[in-house]
Amino acid sequence: MVEFDSMALQPSSPVVQPSVVPRHVAIIMDGNGRWAAQRGLPRTEGHRRGADAVQRAVEACGEMGVDFLTLYAFSSENWKRPPAEVEALMFLLDRFLRNKLDEMLKKNVRFQAIGRLTDLPTSCQESLHRAIERTAGNTGLTLILALSYGGREEIVDGVKSVVRDVQDGRLDPATITPDVFSQHLYTRHWPDPDLLIRTSGELRLSNFLLWQLSYAEFWVTPKLWPDFNKSDLEEACAAFAQRERRFGGV
Ligand code: IPE
Ligand code: IPE
Ligand code: MG
């Protein structure tokens with residue numbers, strides 16, 4: 001189980017808590033294309049191997065006692081890629097959701113998803129909804145897939161939702177606070193990520209969870225996503241445990 005001492009997160013408690021496991025880990029899974037290029041393989045082979053790394057990350061998070069894992073699997077901007085690559089990514093997503101469902105059920109993993117999911121091909125939407133429904137009763141790791149996801153799009157959708165509630169008389173604009181606005185985001189059911197991991201060495205957010213990462217700790221590795229394994233996750237969590245989270249305090 002999670003050894004999570006909420007006191008360690010208070011501004012008044014700068015003491016390092018080596019046993020702190022991040023409750024919510026978010027990962028920008030980057031570098032599949034470069035992994036393939038380094039081996040003279042097509043980019044799609046990198047994505048195929050990337051799906052194996054997803055499986056490893058899910059298992060490792062479950063074993064370490066992480067409660068929530070959000071994986072950036074396909075961004076709003078990734079639709080700009082060549083149609084054949086987009087098609088391959090959608091095929092791999094569909095196959096992952098179908099093939100891994102039994103294993104996820106056994107491992108007590110609960111599937112969730114964020115993003116403009118209706119953009120996805122119908123078969124992917126069906127596999128996704130099936131995975132979400134079948135695992136809804138699971139109580140272990142919650143695996144949140146960010147699909148056709150963009151942070152700015154999410155904020156715009158949140159603003160539209162707020163406006164609708166105001167127009168319908170359900171919300172008084174004077175009562176809108178950051179906490180209230182958070183309740184209009186795709187992520188309203190879960191706490192914000194504590195730890196953000198990005199592979200392939202890039203130092204940018206690429207439109208990922210712009211609102212929710214306000215106070216996340218960042219950990220970047222030069223490793224490419226298909227090579228990511230449990231020891232990398234452990235290293236990231238160990239680094240996280242050493243961080244002094246101040247939340248603007250002293
Ligand atoms: C991440 O790997 C997978 C997705 C963005 C879907 P990339 O495909 O971005 O790989 P690189 O960054 O080109 O190496
Ligand atoms: C971010 O990776 C998106 C995902 C990992 C799904 P990209 O490869 O699309 O990001 P940029 O283009 O390098 O910023
Ligand atoms: Mg990339």
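As the structure lists them, so they are numbered: ligands from 1, and atoms in each ligand from 1. By convention here, the first residue in the shown sequence is residue 1. What's counted below: heavy atoms across the whole structure, side chains too, no hydrogens, waters or symmetry copies.
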Say whether Ala37 and ligand 1 are in contact under the criterion: heavy-atom distance to a ligand atom below 4.0 Å.
no
Is the shortest distance from a heavy atom of Ser200 to ligand 1 less than 4.0 Å?
no
Report the part of Leu224 (side chain from C-beta onward, or backbone N, CA, C, O) that has a heavy atom under 4.0 Å from ligand 1; answer both or neither where that applies.
neither
Yes or no: does Arg204 have any heavy atom under 4.0 Å from an atom of ligand 2?
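For ligand 2, residue contact (heavy atoms, under 4.0 Å) with Arg204 is present.
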Could you check which N/O/S atom of Asp30 is closest to the Mg ion (ligand 3)?
OD1
Give the intermediate values and the outcome of side chain to side chain contact (heavy atoms under 4.5 Å, CB included) for residues Thr70 and Val25.
CA-CA 6 Å; Thr70 299; Val25 175; over 6 Å; no
Tell me which one of Tyr72, Phe208, Trp225, Trp219 satisfies side chain to side chain contact (heavy atoms under 4.5 Å, CB included) with Ile27.
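That would be Trp225.
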Of all the heavy-atom pairs spanning Phe228 and Leu233, show the shortest one and how long it is.
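Heavy atoms only, the tightest pair is CZ-N, 3.8 Å.
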Which heavy atom in Leu185 sits nearest to a heavy atom in Ile155, and how many Å separate them?
CD2-CA, 4.2 Å
Might you work through the side chain to side chain contact (heavy atoms under 4.5 Å, CB included) test for Asp67 and Leu141, ending with a clear yes or no?
CA-CA 5 Å; Asp67 286 340; Leu141 177 74; 5.9 Å; no
Considering residues, nucleotides and ligands other than Arg130, do more than 12 of their heavy atoms fall under 6.0 Å from its CZ?
no
May I ask whether atom 12 (O) of ligand 2 is less than 4.0 Å from at least one protein heavy atom?
no
Test: [X] and [Y] ion pair at under 4.0 Å:
{"X": "Asp194", "Y": "Arg23", "result": "no"}
{"X": "Asp52", "Y": "Arg48", "result": "no"}
{"X": "Lys107", "Y": "Glu59", "result": "yes"}

Counting backbone and side-chain atoms alike, is an N, O or S atom of Glu202 positioned under 2.8 Å from the Mg ion (ligand 3)?
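Checking the Mg ion (ligand 3) against Glu202, no N, O or S atom falls under 2.8 Å.
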His47 neighbourhood, listing ligand 1 atoms whose heavy-atom distance to it stays under 4.0 Å
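Result: 3 (C), 8 (O).
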Tell me the protein heavy atom at minimum distance from [atom], and give that distance in Å.
{"atom": "atom 14 (O) of ligand 2", "answer": "Ser206 OG, 2.6 Å"}
{"atom": "atom 6 (C) of ligand 2", "answer": "Tyr72 O, 3.3 Å"}
{"atom": "atom 10 (O) of ligand 1", "answer": "Gly33 N, 2.9 Å"}
{"atom": "atom 2 (O) of ligand 1", "answer": "Asn32 N, 3.1 Å"}
{"atom": "atom 9 (O) of ligand 2", "answer": "Asn78 ND2, 2.9 Å"}

What donor-acceptor contacts under 3.5 angstrom involve side-chain atoms of residues 83-92, with partners at least two apart or in another chain?
unit_1 : atom_1 : unit_2 : atom_2 : d
Glu85  : OE1    : Arg43  : NE     : 2.9
Glu85  : OE2    : Arg43  : NE     : 3.3
Glu85  : OE2    : Arg43  : NH2    : 3.2
Glu85  : OE2    : His47  : NE2    : 2.8
Glu85  : OE2    : Arg81  : NH1    : 2.9

The answer for which part of Phe74 has a heavy atom under 4.0 Å from ligand 2 is backbone
Under-4.0 Å heavy-atom contact with ligand 2, by part of Ala73 that carries it
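Ala73 to ligand 2: backbone contact only, side chain stays beyond 4.0 Å.
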Should Trp35 be counted as touching ligand 1, given the test is an N or O pair under 3.5 Å?
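So ligand 1 has no N or O lying under 3.5 Å from an N or O of Trp35.
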Would you check the N or O atoms of Asp30, main chain and side chain alike, for any that come under 3.5 Å of an N or O of ligand 1?
yes
Between the candidates Met29, Arg34, Lys80, Arg81, which shows the shortest non-hydrogen contact distance to atom 7 (P) of ligand 2?
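Shortest heavy-atom distance from atom 7 (P) of ligand 2: Arg81.
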Donor-acceptor contact present, side-chain Tyr149 to main-chain Leu209, <3.5 Å:
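Yes: the side chain of Tyr149 pairs with the backbone of Leu209.
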